[in-house]
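Below, chain A is the first sequence line, B the second, and so on; all start at residue 1. Source: prediction; values computed, not measured.
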Number of protein chains: 4
Amino acid sequence: MMNTITSSKVPVVELPSGEVLSLKVIDIVGKKKGPMCYLQASVHGAEHQGNAVIYQLLKYLEKNEIAGSIRLVPMANPIALNNKIGTYTHGRFNSNTGDNWNRLYHDFTKDNDQVLEFAKKYLGYDELDIDKQYKLLLSKLIEDKKNENSNYGIDRNGHVNILLQELAHNADYVLDLHTGPVATRYLYVPEYLEEKCADLQFPHNLIIPNNFAGAMDEASFMPWINLQRAFKELGRDYDIAFEAYTVELGSEERISLEEAQLDLRHILHYLFLRGIVTEEDNPITTTIKKCKLKDYKTYYAPRGALYEYMVQPGQAVKKGEVLAVALNFENHFKEEEIKIELRANQDCIVINHYPSSSVPSGAELFQVMESIY
Amino acid sequence: MMNTITSSKVPVVELPSGEVLSLKVIDIVGKKKGPMCYLQASVHGAEHQGNAVIYQLLKYLEKNEIAGSIRLVPMANPIALNNKIGTYTHGRFNSNTGDNWNRLYHDFTKDNDQVLEFAKKYLGYDELDIDKQYKLLLSKLIEDKKNENSNYGIDRNGHVNILLQELAHNADYVLDLHTGPVATRYLYVPEYLEEKCADLQFPHNLIIPNNFAGAMDEASFMPWINLQRAFKELGRDYDIAFEAYTVELGSEERISLEEAQLDLRHILHYLFLRGIVTEEDNPITTTIKKCKLKDYKTYYAPRGALYEYMVQPGQAVKKGEVLAVALNFENHFKEEEIKIELRANQDCIVINHYPSSSVPSGAELFQVMESIY
Amino acid sequence: MMNTITSSKVPVVELPSGEVLSLKVIDIVGKKKGPMCYLQASVHGAEHQGNAVIYQLLKYLEKNEIAGSIRLVPMANPIALNNKIGTYTHGRFNSNTGDNWNRLYHDFTKDNDQVLEFAKKYLGYDELDIDKQYKLLLSKLIEDKKNENSNYGIDRNGHVNILLQELAHNADYVLDLHTGPVATRYLYVPEYLEEKCADLQFPHNLIIPNNFAGAMDEASFMPWINLQRAFKELGRDYDIAFEAYTVELGSEERISLEEAQLDLRHILHYLFLRGIVTEEDNPITTTIKKCKLKDYKTYYAPRGALYEYMVQPGQAVKKGEVLAVALNFENHFKEEEIKIELRANQDCIVINHYPSSSVPSGAELFQVMESIY
Amino acid sequence: MMNTITSSKVPVVELPSGEVLSLKVIDIVGKKKGPMCYLQASVHGAEHQGNAVIYQLLKYLEKNEIAGSIRLVPMANPIALNNKIGTYTHGRFNSNTGDNWNRLYHDFTKDNDQVLEFAKKYLGYDELDIDKQYKLLLSKLIEDKKNENSNYGIDRNGHVNILLQELAHNADYVLDLHTGPVATRYLYVPEYLEEKCADLQFPHNLIIPNNFAGAMDEASFMPWINLQRAFKELGRDYDIAFEAYTVELGSEERISLEEAQLDLRHILHYLFLRGIVTEEDNPITTTIKKCKLKDYKTYYAPRGALYEYMVQPGQAVKKGEVLAVALNFENHFKEEEIKIELRANQDCIVINHYPSSSVPSGAELFQVMESIY
C-alpha cells in the first residue's frame with residue numbers, strides 16, 4: 001500500500017512559433033485522509049533551488065506513505081525559466097510588460113460581497129465544514145475571474161498566476177519556493193502565522209503584514225484573512241487553519257541536490273507537524289531570528305562602481321563595519337581615492353546582495369534585517 | 001528685447017564605469033510676467049517624438065517673445081534612452097527592477113496633514129496667493145521625500161522621477177510628452193480637465209479618474225486635487241488652475257521634424273490660450289473625440305503567431321471587422337487553417353498596436369477606444 | 001490529379017523547461033518529375049515576411065500542379081523567432097554566443113579530398129548524373145559533420161544550421177528568405193549567377209563573390225563551386241546548374257499578406273522559368289539594378305543622437321543630399337547647433353537603415369549601393 | 001625619487017543622449033629606462049577581476065620604483081561594462097552587431113608589403129633598433145587603418161579595439177586581463193612563448209597557434225610574428241622579444257581585492273623577470289600544466305534542463321566521473337528518470353563552466369583541458 005502519483009499538464013502560453021509551454025503538475029495522494037500541501041518553484045525564472053527540493057521530495061514520496069495529499073508544480077513559470085539573455089536567466093519580470101511575476105496574483109475576495117454572504121450563511125458551522133465550503137467558493141471566484149473580459153483574449157500578464165492560484169485553491173498549506181539573488185535561507189511570514197512559522201525551522205523570518213501586495217503567499221492567505229474579517233463583523237472569532245509562506249532557498253541561478261536534502265528536512269518536519277508526513281527520524285532544529293518588514297532595510301549603491309561584497313548572506317554585521325568596497329576609476333581623474341567603502345548604519349544580518357560586481361548608483365546592493373528579535 | 005534662455009544639468013545616475021548621466025534643463029523666461037509651462041520628453045526611453053517637438057519649440061522661442069516662462073527637459077530619462085538591446089531601445093521599464101518608469105512618481109500629498117494645515121492657514125486667501133504658497137509647500141515636501149532614508153543611499157527606482165517632479169513643481173501647466181508603440185496621437189486627460197482639454201485640439205482624448213497611479217500627469221495634478229479636497233472639507237470651493245496632460249505623439253523609435261511642426265501648433269495654440277505665447281496666426285482645429293478609461297479596451301493576442309495588423313492607429317472599426325490576421329504554422333500540423341483572424345467585438349477606434357509581427361499568446365495586441373462621445 | 005503535400009518535424013532545441021522546439025517542414029511533390037526548390041524563412045528571428053510568402057506559396061500549391069518538388073521551411077529558426085525582449089524580437093544573433101545565425105553554416109567541401117576523388121570518378125559522366133551522385137556525397141558529408149565530436153554533445157551554435165543544410169541538400173534551387181531592418185527588396189547574388197538572377201526580377205541586386213562567409217546561400221552554392229574547381233583542375237569545364245539566393249523582402253518585425261502576393265509573383269515567375277511551376281499568366285517585370293559588394297557602403301552614425309531618416313529604402317540619392325538629420329541636446333550645452341545633418345558622399349540608392357531613432361555613435365545607420373550598373 | 005604617474009582619457013562612444021564614454025589611461029614611468037608593459041581589463045564587460053589587479057598594481061606603483069613604464073587601462077570597454085540587462089552584465093558581445101568584443105581587433109600587418117620593405121631596410125640592424133623602428137611603423141599602420149573609409153563614419157564595431165591597439169602599440173609586453181564565466185585561473189599562450197610563459201607561474205596554460213583570430217593577444221603579437229616571417233624570407237633569424245598573453249583571472253561578475261593581491265604577485269614576478277619591477281621579496285611558484293588548443297574540449301549540454309555542476313574549475317576529473325547532474329521534469333511525463341548525469345569522456349581538468357543552472361540543450365556546459373603535459 002503506497003501513495004498514488006499522477007501527472008498532468010496545464011498550457012500556459014503559445015509561443016510565436018506555435019509551440020506551447022505548459023505547467024507540469026504532479027499529484028501525490030496518500031491512502032489515508034489528511035490535509036493538502038501545495039508546493040511550487042521558479043515563478044521567478046532564475047530561482048531554481050526549489051525544483052531540486054521538489055525533486056528530492058518526490059523521491060521521498062515514492063517510498064514513504066503520507067496522509068492527505070501533496071501537489072508539486074516544479075518550473076511553475078516556464079515562460080520566465082526559459083527567458084535566457086546571454087547565459088543568464090531574466091526571469092524576475094514579464095519581459096513584455098515589466099511586471100514582477102510575483103506581484104501579478106489576483107485578490108478576488110477583497111471587498112467581495114460573496115465573502116460576506118458566505119460568512120452569514122456558514123456563521124454557525126464548524127471550522128472544518130466552513131473550510132471545505134469556502135474552497136468551493138474560491139474555486140468559483142477564480143473561475144469567474146478567468147472568464148472576465150475573456151472575449152478580449154487572455155492577458156498574459158497574470159495568466160500563469162491565476163492558473164497557479166487555481167491549482168493551489170484546494171490546499172491547506174502553500175509553500176512558494178523562491179531564492180534571492182545571492183542570498184541566505186529565509187521565510188516570508190504573515191503576522192497571523194508568526195507563532196506557527198517556527199515549524200519550518202528557518203533561521204531568518206521576515207514578518208510581513210496580513211495584506212495583499214500581489215505575491216503568491218498573500219494571494220493564498222488573503223481569502224482566509226478576508227473571511228476571518230467577515231466573520232469578525234458578524235461577531236464570530238474564526239481561527240485560520242490555512243498557512244502560506246514564501247520560502248527563500250539561497251541564491252539564484254544554481255541548484256544543489258545536496259543542499260536540497262537539507263532543505264527537504266525542513267519541509268518534511270513541517271509536513272510531519274501538519275500530519276501529512278507520518279514519520280520523522282531526525283527532526284531539524286535551528287535558532288530562529290525574526291524581524292518586521294519595516295526593519296528589513298535596503299542599502300542602495302551610493303556610487304556607480306565595481307563592488308566587492310565583504311559580508312556573506314546570513315552573516316551578522318555590527319554598526320560601522322564594512323559591508324562593501326568598490327572601485328571607481330573616475331575618482332582617480334578627480335584626484336579622489338579609487339577605493340570607496342560602504343559601512344553598516346546599524347547592527348544587522350545581511351540577507352542578500354546584488355549578484356554582480358558591476359553596479360550603477362542607486363541599485364539595490366544589500367538587503368538586511370535590523371532590530372532582530 | 002527677447003526671452004532669456006539658460007541651461008543647467010542635474011545628475012541622475014553614475015554608471016558602473018564612473019561616467020554620469022544628467023538631465024538637460026533649458027529655461028526660457030519672457031520679459032513679461034506670466035504663468036510657467038513645463039514640458040518633458042522620453043521618460044519612456046523609446047518614445048522620441050517629444051524631443052523633436054521640444055526642439056521645434058526651442059527654435060520658436062529663440063525668435064518669439066513669451067510672457068512667463070517655459071522649462072524644457074528633453075531626454076528626461078537618459079538611463080532609459082540609452083538602454084539599447086540590439087538595435088531597439090528598452091526604455092519602458094527600469095531594466096534592473098522591472099518597474100515602468102511612468103509608474104514611479106511620488107504621491108507626497110496623499111493623507112498628508114501638512115496639506116490640511118495649509119488649507120486651514122490659507123482658507124481665506126485668494127487663489128493666486130494660495131497657488132504661490134502651495135508651490136513652496138510642494139517644494140518642501142519634495143525635499144523631505146528626497147532626504148527620507150537617505151543614509152541608506154538613493155533608490156535608483158524612482159530617483160529620476162523625483163528629480164523631474166522637483167523640476168516641475170513650480171509649473172502651472174505640465175505636458176509629459178510620450179508616444180505609444182505603433183500609435184495615433186492622443187491625450188490622457190484627468191476628469192477635472194475634461195472641459196479644458198479641447199484647448200490642445202487633440203483628436204483622441206482618454207478621460208482618466210482624478211487618481212494617483214504613479215504617472216507624471218497624476219503626480220503633478222494630485223497635489224492640487226488633494227488641496228481642493230482639503231478646502232472642500234473646510235467648506236471652500238477651490239478652483240484648480242493647474243493642468244497636467246500626458247501627450248501621446250504617435251509611434252515610438254522614430255522622430256519626424258515635419259510632424260513636430262504640426263505637433264508644435266497644438267502646443268502653441270494651448271500656450272496662447274494660457275497667455276504664455278503672445279501671438280497666434282493660424283489656430284489649429286480638430287474634431288475632438290473622447291472616451292472613458294473604462295471603455296479603453298485591450299485586445300490580447302488569442303494565439304502565439306505572426307500577426308499582420310489590418311487597421312492603422314486612428315482608424316475607426318465596426319464590430320465584426322477584421323483587426324488582424326495571423327499565421328500559425330503549427331496549425332498546419334493539427335489539420336487546422338494556418339491563417340487566423342481577429343475581429344472587433346464592438347465599434348471602436350484603434351489607438352495603438354503591438355510593434356512587432358511576432359507575438360506570444362496573451363500579449364497586448366491592440367488598445368482601442370469604445371463608447372466614444 | 002494534384003500535388004502531394006506532406007509534413008514533418010525536426011527537433012532543434014530542448015528548452016531548460018524541457019519543451020522542444022522543432023523545424024516544421026512541408027513538402028509538396030508534383031505528379032510530374034522535375035527539379036527541387038527549397039525555401040526557408042526567418043533564420044534571423046525578426047525577419048518575418050518570408051513566412052507570409054511561404055503561406056501564399058502553399059495556398060498556390062494546394063491548387064496548382066507542379067513538376068518536381070518544393071520544400072518549405074517557415075520559421076526556420078524557432079529559437080530566434082521566439083527570442084522576445086520587451087516587444088521586439090532579438091533574432092539576429094545566438095543570444096548565448098553572440099554569433100549571427102546566418103554566419104553559422106558549415107563549409108564541408110572546402111579543401112576536401114573527397115570532392116577531388118568524386119571529380120576524378122565522375123569526370124566523364126554527364127552533368128545530370130554528376131549532380132545526382134554529388135548530392136549523395138553532400139548528404140554523407142553533412143552526416144559526417146553531424147557525427148563529428150558528437151560524444152561531447154551537439155553545439156547549439158550551428159546546430160539549426162546544419163539541420164537546415166541537411167533539409168536543403170537535395171535541392172536544385174535554394175531561396176533563403178530574409179529582410180533588412182527597415183529595407184527595400186533586394187537579392188544577394190553570387191558572381192556565377194549574375195546572368196541568371198534577372199529571372200527573379202528583383203529591383204536591386206548585390207553581386208557577391210563566389211566565396212564562403214557563413215551564410216546559407218554560400219553554404220548551398222560552395223559545394224558546387226568547389227566541385228567546379230575540382231573538375232577544372234582535371235581539365236573539365238563543369239557548368240553549375242545549382243542556384244542559391246538570399247532574398248531580402250523589405251523590413252523586419254512585420255508581415256503583409258498583400259505584399260506577399262506580389263513577392264509570390266517573383267518566385268512563381270522564377271519557378272516557371274525553372275520548370276517547376278507549369279503555367280504563368282502575368283509575368284512580372286522590373287528594371288534591374290546591380291552593384292558589386294565592394295560598392296555596397298555602410299554609413300556609420302557620426303554622432304550619438306536621435307535620428308530622422310530623410311530617405312526611404314529604395315530611394316536614389318544624389319551626392320550631397322541629406323540622408324538624415326539628428327538631434328543632440330548636449331550640443332546645446334557646448335554652444336553648438338542641436339540639429340546635425342548627414343549628407344551622401346556619393347550618388348547612391350539607399351537599401352536599408354537602422355530601425356530606431358535612438359542611435360549611439362558608430363552604429364550602422366544606412367547601407368547604400370554605389371556605382372550601380 | 002619616484003615614478004611619475006599621469007592620466008588621460010580617450011573618447012570611445014557618444015551615447016544617444018549625448019554623453020560620452022571614455023577610456024581611462026594611467027601611465028606610470030620610472031626614473032630609470034626600461035621596457036614598457038601594457039595591461040588592460042574588462043574588454044568583456046562582465047570580467048571585472050582585472051580591474052582589482054590594476055588597482056592593486058597602481059597602489060604598488062605609488063610606492064615602488066620601476067625601470068621603464070607601465071600603462072594601465074582599467075575598464076577598457078566602458079560600452080560593454082555598462083551594458084546591464086537586469087542585474088547582470090551583457091558584456092561579451094557588441095549588443096548591436098553580436099560580435100565578440102575580443103574578436104574585433106585588427107590585423108594590419110598580414111600580407112602587408114610595408115612589413116617586407118621594413119625587413120629589407122632594417123635587415124642588418126640590431127634587434128633593439130629594429131624593435132624601436134618597427135613600433136613607429138605599427139603606429140603609422142594603425143593611424144592608416146583609423147583613417148580608412150573614415151568619410152563614411154567610424155564603425156563602432158572594432159572602434160574601441162583599434163583605440164586599445166593604439167594605446168598598446170609601443171609596449172614590449174601586453175597582458176590582456178579577462179575572466180571565464182565560472183572559471184579557474186589560466187593563461188592563453190602563443191606557441192612561440194611556450195618556454196617563457198612559466199614566468200607568470202600560472203597553473204593552467206593553454207597553448208594556441210601563432211595565428212590571428214581577432215583577440216588582443218593575437219593582434220599584439222602577430223605584427224612581430226609577421227616581421228619574423230619577413231626576416232626569415234630574407235634569411236635572417238629574428239628573435240621576438242615581444243610578449244602578449246590573455247590572462248584569465250577566475251570568474252566573471254565579481255571582484256576580490258584579496259585575490260587580486262595574489263594575482264598581483266604573479267604579475268610582479270613577471271615584471272621583475274622582465275626588468276621593470278626592480279625588487280622582489282617573495283617569488284611565487286606553481287606547478288605548471290599545459291595543453292594544446294586542440295585538446296581544449298567543450299562539453300555541450302546534452303539536454304535542456306536545470307544543471308548542478310559537480311566539479312569546480314581547476315579540479316582534475318577522471319574518465320567516467322560525473323561532471324554534472326541535471327533535472328528535466330518533462331522526463332517524468334515520458335516515464336523517464338527526472339535526473340540525468342553527464343560523465344567525463346576522458347581524464348581532464350575542468351577550466352570553466354556555464355554560469356547558470358538553467359541551460360538549453362547545446363549550450364557550452366564545460367571547457368576542459370585534456371592530454372595535459
Q) How many angstroms lie between atom CE of Met310(C) and atom OG of Ser256(B), to the nearest 0.5 angstrom? A) 7.5 Å
Q.
If I take atom CG from residue Asn328(B) and atom NZ from residue Lys24(C), how far apart are they, to the nearest 0.5 angstrom?
A. 7.5 Å
Q: Determine whether more than 12 heavy atoms belonging to other residues, nucleotides or ligands lie under 6.0 Å from atom NZ of Lys63(B).
A: no
Q. Quick one: what part of Lys59(C) sits under 4.5 Å from any heavy atom of chain B, side chain, backbone, both or neither?
A. side chain
**Q.** Heavy atoms from other residues, nucleotides or ligands near CD of Glu258(C) exceed 12 (cutoff 6.0 Å)
**A.** no
(Q) Looking at Arg254(C), is its backbone amide N or carbonyl O close enough to the side chain of Glu308(B) to form a donor-acceptor pair, meaning the two atoms are under 3.5 Å apart? (A) no
(Q) Among Val359(C), Ile85(C), Ile338(C), which residue has the highest count of heavy-atom pairs closer than 4.5 Å to chain B? (A) Ile85(C)
Q: Let me know if Ala52(C) has heavy atoms under 4.5 Å from chain B in its side chain, its backbone, both or neither.
A: both
**Q.** Engaged part of Phe329(B) at the chain C interface, taking heavy atoms whose separation is under 4.5 Å
**A.** both
Q: Check whether Tyr354(C) gets within reach of chain B through its side chain, its backbone, both or neither, counting any heavy atom under 4.5 Å.
A: side chain
Q: Determine the minimum heavy-atom distance between Thr89(C) and Ser356(B), stating which atoms define it.
A: OG1-OG, 3.5 Å
Q) At a heavy-atom separation under 4.5 Å, does Tyr307(C) approach chain B through its side chain, its backbone, both, or neither? A) backbone
Q) Could you give the distance from CG (Leu72(C)) to NE2 (His332(B)), rounded to the nearest 0.5 Å? A) 8.5 Å
Q) For Ser8(C), is it the side chain, the backbone, both or neither that has a heavy atom under 4.5 Å from a heavy atom of chain B? A) backbone
Q | Atom group of Glu337(B) that falls short of 4.5 Å from chain C, counting heavy atoms | A | side chain
**Q.** From His48(B), Gln49(B), Glu252(B), Glu253(B), residue fulfilling side-chain hydrogen bond (donor to acceptor under 3.5 Å, both in side chains) relative to Ser357(C)
**A.** His48(B)
Q. What distance do Leu306(B) atom CG and Met75(C) atom CE have between them, rounded to the nearest 0.5 Å?
A. 3.5 Å
Q: Could you look at Glu330(C) and say if it's the side chain, the backbone, both or neither that has a heavy atom under 4.5 Å from chain B?
A: both
Q: Can you tell which part of Val182(B) gets under 4.5 Å to a heavy atom of chain C, answering side chain, backbone, both or neither?
A: neither
Q: Check the angle between the aromatic planes of His90(C) and Tyr88(B) and answer parallel, tilted or perpendicular using the 30° and 60° thresholds.
A: perpendicular
Q: Could you look at Pro355(C) and say if it's the side chain, the backbone, both or neither that has a heavy atom under 4.5 Å from chain B?
A: both
Q: Measure Phe333(C) against the heavy atoms of chain B and call it side chain, backbone, both or neither at under 4.5 Å.
A: side chain
Q. Is there a donor-acceptor pair closer than 3.5 Å between any side-chain N or O of Lys84(C) and the backbone N or O of Ser358(B)?
A. yes
Q. Looking at CG of Leu327(C) and CG of Leu257(B), how far apart are the two atoms once the value is rounded to the nearest 0.5 Å?
A. 5.5 Å
